[in-house]
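Everything quoted here is computed from the prediction, not taken from an experiment. Throughout, a chain's letter reflects where its sequence line sits, starting with A, and its residues are numbered from 1.
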Amino acid sequence: MTDQLAVTVRDLAKVYRGGLFRKLVQALNGVSLDVPRGEIFGLLGPNGAGKTTLIKILLGIVRRSSGSASVLGHVAGDRRGRRSIGYLPESHRIPHHLTGNTALEYYGQLSGMPLAEICAKRDGLLDTVGLGKWGRTPVKNYSKGMQQRLGLAQAMLHDPDLLILDEPTDGVDPVGRAEIRDVLFQLKDRGKTVFLNSHLLQEIELVCDRVAILHAGLVRHVGPVRELTEATSNCIVYEVRGPLSDIELLVESDATLDFGEALHDAGNQEAEDTVPSDSEGEADGESEQPAEPEASSGPVTVTLIQQPHSQDDVDAAVDSLRELGVSIESMSRERLTLEQAFLQMLKTHEAEESDESTPDGVDEPAEDEA
Amino acid sequence: MKNALRPYLAVIVDSFREAFATRVLWVVLLLVALLLAAFAPFTFRDAVAVTVRHQDFRDARGVLLHLREQSGKPDSPSGYLWSRLSGSLQEDVGGLSVDSDRRERMEAFGRFRGELNSLLRERDFYRDEVWQNSRLNREGRDLLKQGVANLSDSDLARFNRLALDAALSDFLEPAATNAVQFEYAGYEFGDELPVPAQQVREIGELVLAFVVSWLVGFAGVLAAIIVTASIVPRMLEPGSIDLLLSKPVSRWGLFLSRFAGGCAFILLVTSVLIVGLWLIAGARLGIWNAGLLWTIPVFVFVFAVYFSVSALAGVLWRNPIVSIIVSLVFWLSCFVVGLTKGIVDDVFLSARRPAVILPLNDSLLTVNRQGNGFEWDPDAKGWQTVFETRRRPGQEYPFVGPVYDVANDRLVAIRASTGGPPWMREAPKLALATREEDWKFSTPLNVPGGSQSLLVLSDGTVLTLGTDGLSQLSRKAGPQGLLDMLSLAVPIMSIGDPEIGRFERVAIPDVQWRAPVAAAAETVASSQLRRPDQAERRSGNSEPAATSDPTTPNTELPEQRRSAPRSGLQEGDAAASRFVVVTGSTLAVIARTAAGQFSIERQVARGSEADTVLGFAGDRIVVAEEGGSVRVLNATDLSEVATASLFGTNDPKAIAVSPDGRQAAVVFHHRRLCLVDLPTGEVTEPPLASQGDISATAYGPDGSLLVAYGFGQVIEYADGRSLEIKARYETPPDLLESIYQWGIEPLHRVFPKPGEMDELVTWLMTQEQTIQTGEGEGLSARRTVINIWPPLWSNLAFLACVLTLSCVLISRRDF
């Protein structure tokens, strides 16, 4: 039952009053999601989406306006739940008079740990986060990345079942980020649940099992990362070689076909360029600049993108290409990065919203994973 | 339980850690150390009294003239002294006369004093031949035996002073036996002070209490507010508060722990300061006062009150600067409220409080603290001003009395002088007011010096009593003495007035007059009413007259009162009048014989030397002492009937005795009244509405009890037992009084009074519950009642409210 779920949120809404005479701000509009235990869950969304508000409601820092939320079987904000939560806030500020060691003492004691236990675990933990030699240094001498690591250490100190991390790798160099990722995997191996909030989409992609996208106070999508990227991308990428004019004809006639962007850019530049160059680094395969189009003679390699509505469209395109004598050098389903998928999804939703009259648009159905 | 508290203790520990790390603690401790170092070198040691001070002269003007007179006799001490004065001074003094400008005289006198003091240091000052007829005291003689040339400098100076005392014994108070010399870091600090070391310590304690109140209570608290202003805002900063709130701790627990951390920090600093002061006061000045250590929690408490306001501001606005400003505004408003109340009360309104009630048979008079007299006008239903007096600044009540003289239908009082510095004042005068003159006071003659008490016996004899003794106003007038004319100081013999008489010393064998001094005439019950045609106007005579009708309003005559037959007094023994006195530790009943002589009837040792007020009714004597005890004695043998301290250590102010001699009312300085049942000695507190605001009391001629309260209202109760209200003599309050009663005083009661905790400090250090603030001798002088509990409770309530409010706000807030 709910014991399997680390976090449960149902129709959570939060309204802020900006000031006495300012208007109301709807931070969360009815959010629902579940996070099972043992999972690394990511929360994505643009600024102002409500991610931090959601986290603060889970922790009891902010009161919810309506709906329900529970953490580790307790109502969100209940002190008993908080005992097993480790939190790393965004732009946290550990008081500068503390050293690495005393900071862990302080926060550990606040979590209810006896001093002896803290001192026993402290050194190992600092090593784990990569601050092994910096225990005695005052925090004010820490770099941003070191402060982040210390923050992560204090979140882990009391061995919580759930870690809530808001931008854990903010300000950390790539090496450090990799180390932190490793720590998170270790935590997962030990059965802990991690609830991540990040802007670094690459990080989420690498670490999270499932991700939720929050936009304007609503959850737009919840599910495994792969599902997200694959769901938003049903494009087929063709690399074809053949006479350009034929290809252009085909593209114009087939609505589902379009040139890959690389070609368009290269095409525009060709008028001036005499030397072909690999300028754009597009992930979807290399694009060969065609030679100066001399009418229709020389074969060129182009990238075509198709957004088929069904398999029939795909078959038809293949047939057309073959009829024209265009070779299909490769054909694959486009994998968008999370970032592309994310941005695309936002665009879609914004478009949806501007079409519709009511602001409470139909959101993507939250998919429960049992 | 310990586990549950662990997080909160961690917060408190972190406060200290923070203070240590941010160097705030170090800076503060350094300042404290500097302060203590500044105080430490101050000390005093025993010394001998040498220097001639201004106050040592009994008769400043007279001495110069005397020396001038004696200038022709160089072998007499005075003449010799004159010859030792500088030429220019001799000239100037020569130019002085009785009409000389006061300033000239003062200036000459100042120079004279200076020259005298330098002469005292000279080895050739003493001449055997000059002093051969003067009597040195024992100390002087001992020093002389050693040989003047062999004396050390300080001994020499001492010896010269003793010689000077012997030479000018009429004009100079003898030097004190003990003195102290203050020192700072080994250097002498001013002249020696002719007070014994013990007294210096007592004064020192008061000074210390004052310093501690102001230094720590005012400056210290202010500094503490500034230093701790950022404690709460820092905790609530966006980056830190999120992390704290995610921990399994309650929000208000976090807040209170942070608050406690701030208080703990201040506790540490205050302890260092106070313990340091305590050690210095003890080791350097010999003042070991444990009460000083109790001021530590007091100051931390005062700080906590201000800090709670600062913390609330921190919760609301999360800004240290705003917190400081809010705290200062709060402090200022407490100060303004306290100051306003103090000013309006002390400067404007307290003077209106009644001091004496005079219920005459047909009229009711009151005199207020200002010294203004009022008569109740039944037609106008208000108080009409009868006389006004100008008061000296600082003088709390310009009269002794007034007392109603039944025999002569007049008011008798001693009116203190009204202006000038102490050595320039006029002597106090006898003040008389008659009905014909509409009770306006005239001051025909001086009273003897040092008169503190006034007695009017039933036959109209006026007696004054002081540490110099008892004096009686007798009919004879005498010639003015030359000395009287020249004298500036209180004269020993008073000038007489042809009509009224003059004061003569009364010698009573076996009586030593010592401070404290108090007296009360015997109150006689009315059992007879004397009619005008039967009145015997000869003083000293009284005879039984027709039966009484005490409530006839048309009677114009004062009653003649007469004691009911009691032990020691017989019907027809009309010439006898008695009064009870306290002198030093002796209490005595003095009676006047038929021949007009006074003698002690009986006396007893009282067992204490506290100031007292007395009441005397037939066979009971009431003794109310400083320290709060009320004792009832049997007048026949002066044995104690009962004793009680109904009001703790609050001091009594005045006693009134009922005409039937069966009850007495005692008013205390904290404005409460108790009734004493004289036959049994039982003391009770009557549940009057005006308790807490009662200033004076008296019994009417028919046995009614009058109580004066507020700013001049009087209530008359039918008698002291039933307490039925018989009449009210009240006027509606004027604007200022209304504002005070309905606005200022309630506001003051509700407002926290952190600034008035200095009274608590004084109490802790001196155990005094009232302090004499005005001049005057004895218990009738004005006192400020130190009320330690109301400020404590209101501060505590305020603290609880503000902290609760902060906790509620912080619990409900979104961060």
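Inspection of non-hydrogen atoms places A:Pro89, A:Ser91, A:His92, A:Arg93 of residues 88-95 of chain A under 4.5 Å from chain B. Annotation: residues 160-172 of chain A contacts chain B through no residue [non-hydrogen atoms, separation under 4.5 Å]. Contacts between residues 97-104 of chain A and chain B, defined by a heavy-atom separation under 4.5 Å, are made by A:His97, A:Leu98, A:Thr102.
With respect to A:Asp159 and A:Arg190, a salt bridge is recorded, a charged nitrogen being found less than 4.0 Å from a carboxylate O.
Within the 3.5 Å criterion, the main-chain N or O of B:Val249 finds a donor-acceptor partner in the side chain of A:Arg82. Under a 3.5 Å cut-off, the side chain of A:Ser70 and the backbone N or O of A:Ala76 do not form any donor-acceptor pair. In terms of modelled atom types and a separation under 3.5 Å, the side chain of A:Tyr142 and the main chain of A:Trp134 share a donor-acceptor contact. Between the side chain of A:Arg64 and the main chain of A:Ile57, no donor-acceptor pair closer than 3.5 Å is present. Judged by distance alone, the side chain of B:Asp814 and the main-chain N or O of A:Arg63 form a donor-acceptor pair under 3.5 Å. A donor-acceptor contact shorter than 3.5 Å links the side chain of A:Lys51 to the backbone of A:Gly45. In this structure, the side chain of A:Ser32 engages the main chain of A:Asp11 through a donor-acceptor pair within 3.5 Å. In terms of modelled atom types and a separation under 3.5 Å, the side chain of B:Trp26 and the main chain of B:Phe20 share a donor-acceptor contact.
Shown here for B:Gly262 and B:Ile231, the closest heavy-atom pair between the two residues is CA-CD1, 3.7 Å.
Ranked by heavy-atom pairs under 4.5 Å with chain A, the first of B:Ile241, B:Asp242, B:Val11 is B:Asp242. Note on A:Val62, A:Ile61, A:Leu59, A:Ile85: by heavy-atom pairs under 4.5 Å with chain B, the leading option is A:Ile61. Comparing A:Tyr87, A:Tyr106, A:Tyr107 by heavy-atom pairs within less than 4.5 Å of chain B, the highest count is held by A:Tyr106.
Interface remark: A:Gln154 contributes backbone and side-chain atoms alike to the contact with chain B (heavy atom separation under 4.5 Å). Residue A:His96: no heavy atom, backbone or side chain, is found under 4.5 Å from chain B. Of the atoms belonging to B:Tyr8, it is side-chain heavy atoms, and not backbone ones, that fall under 4.5 Å from chain A. A:Lys140 does not touch chain B: none of its heavy atoms, backbone or side chain, sits under 4.5 Å away. Both the backbone and the side chain of A:Pro114 come within less than 4.5 Å of a heavy atom of chain B. Of the two parts of B:Ser811, only the backbone, made up of N, CA, C and O, holds a non-hydrogen atom closer than 4.5 Å to a non-hydrogen atom of chain A.
Side-chain rings of B:Trp331 and B:Phe218 approach one another, their centers coming within less than 6.0 Å. Here the two rings, on B:Phe330 and B:Phe798, have centers that are under 6.0 Å apart.
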Evaluation steps, salt bridge (charged side-chain N to carboxylate O under 4.0 Å, His left out), between A:Asp34 and A:Arg10:
CA-CA 9 Å; A:Asp34 292 321; A:Arg10 288 279 172 276; 3.0 Å; yes
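Applying the side chain to side chain contact (heavy atoms under 4.5 Å, CB included) rule to B:Val13 yields the partners B:Arg17; only residues at least two apart in sequence or on another chain are considered.
Remark: B:Phe39 CZ is loosely packed, at most 12 non-hydrogen atoms of other residues, nucleotides or ligands lying under 6.0 Å away.
Taking the centre and axis of the six-membered ring of B:Phe255, the NZ or CZ atom of B:Arg251 falls outside the cone set by 45° and 6.0 Å.
To the nearest 0.5 angstrom, B:Leu293 atom CG is 9.0 Å from B:Ser271 atom OG.
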